[in-house]
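To keep things clear, I will list the structure first and then write my remarks on it.
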Amino acid sequence: MFNLCYKSLLNRRFIAALTVLSIALSVALIVGVERLRTEARAGFANSASGIDLIIAARGNDVQILMATVFGVGTTGAGISWDSYEMIEDLPQIIWTVPIMMGDNHRGYPVIGTSEQYFDHFRHSGGRQLIFAEGVPFKSPDGAVIGAKVAQAFGYTSGTEIVNAHGSGEVAFDVHDEAPFTVTGVLGHTGTAVDRMVFVSLEGFDALHEEPASEVADPFVLIEAPEVAGEHEDHDHVELDEPDEHEEGHQEHDDRHAHGSGHEDEGQTVTTSDGHDHDGHDHEPGTINAIFAGLEEKTAVLSVQRQLADHRDEALTAVLPNVALLQLWSITSTAETALRLMAGAVAVAGMIGMVVMLSASLDNRRREFAILRSVGATPAGVFSLILLEAVLLLSAGIVLGVIALSALTRVIDPILAANFGLRIGVGLPSFREVLLIAIVFCSGLLASIIPALRVYRMTLSDGLLVRL
Amino acid sequence: MKTVELKSLVFRWPGQPDPVLSVASFDLEAGESVFMKGPSGSGKTTLLSAIAGVIDVPQSAVRVAGTDVGALAGGDRDRFRVDHLGIVFQVFNLLPWLSALENTLLPCRFSARRRNRSGPDPKATATRLLSELGLEDTELINRPASALSVGQQQRVAAARALIGAPEVVLADEPTSALDEEAKDTFVQLLLKECKASGASLLFVSHDRSLEKHFDRSVDLPMLNAGKT
């Protein structure tokens, strides 16, 4: 029976191949969307492990999480070093790591932080960062780079690198007067860390007077830290115009020759003396965020509330996992749309198969009459059609899975380089198998329609061979 | 021994008042070859369908190889058909994507009885049958049936009807697509092989020129007397 079915399909190989192709496409799409979704979630969850709270200026939880952990976007404003010290001193907090952002190295985000970052950051279910080579930065001009950065540009310990202002890949403003020397390369983590460049707070501040990202909020006091005689003194710069960007640079020097951000030349930049620089060389004026660890994990909510009520500065304490859940709730609409699309393609594939099976029935009446004359029962002919559906579906599923794994092999490095996301090339997960099973069963169910038609047809035709 | 026995067979299509078949009595002896003549529309195909158990016939009206076909359930009739009957149609007897050899072996696929009766090696038996019917070329019989001429296809159909030595061979105008010369050759070959395997042959045709080859001849309109 199988042999008969196979040869009969082979006889219609062109249309059968098209049907298999459409089934393969729908399987690849359904499984691909599912895999992308779960791997994206797993990837994000891996990146955020080990941090109990992320503290930044008042803002959106998801935005803060994305900016600090994944290096995508920016936090709104900066927070003062005073707040950092306040948080550091909270009894519930056992460790804090300051985070400064806003620069990039050839498109890869540059993070200003302390050495403790490498001790406290956890990824992939609690694994610590490992140095593939070298050591953490000890001096202001030292830098630690992620595995992907090292791989992309062939950097090793001792390489001198130059960072650029802003986060775009095309740099208008290269800080070539302040190069860094790579002191260490991190091992591969499969998270956003792979695409980051880490420097010390001092090193980060040495690049310019104020972290670029914070000027997005003009109401924040920007401190211009003194960097060992490199610039003329600035007091505090307060930006008055909410719709203007980066005009702080105007005040400073022409070294920041931005091609954009200077639409309004009549911008007023006033100085205020609200906060005096405390003169401490190793303390930056503002930082973007703080990673914090708690002694008692259960205290996390009370710390969060405490920080929200902090009077000196508007702060937000983000629970990474809660922010991730919020992120999923935002992306779930898009996910649902994608899954619906994939489902619709699958339905189209099934309909294509049913059409193919049904359309051929009239041409095959003779075939069925011959089969009945040599002893095939109507039920046998019925199952012949089902068997054809099984063959088409199986071939489609196998082809789809093969195509998907070939595609992921191609796409995986691209996703990993750009988003720190890895789609496993491995075996299908239980959910994927379940989805494939659903495709298979619904296809089989749909093919009952033509099979029933054949059943009735063979009963009424008997041995009459209509010409 | 009678291989086919019809007794008071009345059959009407559902919803039609007049019976298309009304046969008081007809027998086919073992090894006998009968020419059944009749014009188109005289119920030839329906009669063959009744014998083959493709249409629902009343109980004890049709007996084939001693079995009451009307008493069998649907699936049993299909199995019974392939076990005891070989059938040759007018044209298009073969599955075009199977080779001549595979087409010949089809009954052995569906019937253990036919397989067991086609000797230790059904394939060899099929090859022998085909070569006796004039298809000696082993390259030809392994090609898809669609590559064969109509005459060759009918001979493959005959081989298929004969393999595994069924008691009865039914032929429904198998020569209508053949030219004069091929007709006689085909009928003679078919008769020879039926004799060799001991099968009764019921050959239905409107072509009276073939009548002379058969043991006896039956006029269907006369036989089907009850029909109005």
Side-chain angles (χ1 to χ4, degrees), chain A residues 1-17 19 356-357 359-388 391-392 395 451-467, chain B residues 13-14 45-56 73-99 102-115 144-146 153 157 160-161 163-164 166 170 172-173 176-177:
Chain A
M1 198 63 148
F2 178 83
N3 194 20
L4 272 185
C5 182
Y6 171 72
K7 286 191 167 159
S8 171
L9 273 179
L10 211 61
N11 188 48
R12 291 165 283 145
R13 60 179 81 81
F14 178 69
I15 194 147
T19 310
M356 178 228 164
L357 291 176
S360 62
L361 294 187
D362 280 326
N363 298 329
R364 297 173 68 195
R365 288 193 143 175
R366 181 156 48 88
E367 176 186 339
F368 301 134
I370 294 165
L371 285 175
R372 287 210 66 196
S373 79
V374 296
T377 58
V381 178
F382 177 86
S383 56
L384 187 75
I385 300 293
L386 285 193
L387 194 59
E388 278 182 19
L391 278 180
L392 291 170
L452 267 180
R453 262 189 70 199
V454 163
Y455 182 85
R456 282 201 298 267
M457 216 154 84
T458 49
L459 272 184
S460 66
D461 280 8
L463 297 185
L464 284 174
V465 182
R466 299 223 166 83
L467 302 178
Chain B
W13 290 109
T45 304
T46 314
L47 180 69
L48 292 183
S49 295
I51 296 170
V54 182
I55 54 176
D56 284 319
D76 292 337
R77 270 193 296 197
D78 290 307
R79 278 179 285 275
F80 177 80
R81 179 186 318 127
V82 66
D83 279 350
H84 299 280
L85 292 168
I87 300 169
V88 185
F89 296 118
Q90 281 183 7
V91 277
F92 304 124
N93 271 290
L94 309 180
L95 297 178
W97 61 88
L98 291 182
S99 70
E102 286 169 315
N103 265 292
T104 307
L105 286 165
L106 270 178
C108 301
R109 239 183 237 262
F110 288 94
S111 163
R113 183 177 192 264
R114 294 280 286 274
R115 190 163 56 243
S146 50
Q153 287 191 25
R160 186 180 63 201
I163 195 161
L170 302 177
D172 186 2
E173 308 228 23
S176 61

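Side chains are part of it too, since the values below use all heavy atoms of this structure and drop only hydrogens, waters and symmetry mates. Just so we're on the same page: letters track the sequence lines, and every chain starts at 1.
The choice from B:Leu98, B:Leu170, B:Asp172 that makes the most heavy-atom pairs within less than 4.5 Å of chain A is B:Leu98. Comparing B:Pro96, B:Ala157, B:Gly53, B:Pro107 by heavy-atom pairs within less than 4.5 Å of chain A, the highest count is held by B:Pro107.
Applying the side chain to side chain donor-acceptor pair (under 3.5 Å) criterion to B:Glu173, with sequence neighbours excluded, gives B:Lys44, B:His206. Scanning for side chain to side chain donor-acceptor pair (under 3.5 Å) contacts around A:Thr377 gives an empty result, with sequence neighbours left out. When the salt bridge (charged side-chain N to carboxylate O under 4.0 Å, His left out) test is applied to B:Arg79, the partners found at least two apart in sequence or on another chain are B:Asp76.
With a threshold of 4.5 angstrom between heavy atoms, B:Leu94 approaches chain A through N, CA, C or O but not through any side-chain atom. Neither the backbone nor the side chain of A:Ala379 has a heavy atom closer than 4.5 Å to any heavy atom of chain B. Heavy atoms of B:Arg160 lying under 4.5 Å from chain A belong exclusively to its side chain.
Contacts between residues 5-13 of chain A and chain B, counted as heavy-atom pairs separated by less than 4.5 Å, involve A:Lys7, A:Ser8, A:Asn11.
When atom types are taken as modelled, the side chain of B:Arg109 and the backbone of A:Val374 share no donor-acceptor pair closer than 3.5 angstrom.
Annotation for B:Phe110 and A:Leu4: closest pair CZ-CD1, 3.9 Å, computed over non-hydrogen atoms. Here the closest heavy-atom approach between residue A:Arg372 and residue B:Arg81 is recorded as O-NH1, 2.6 Å.
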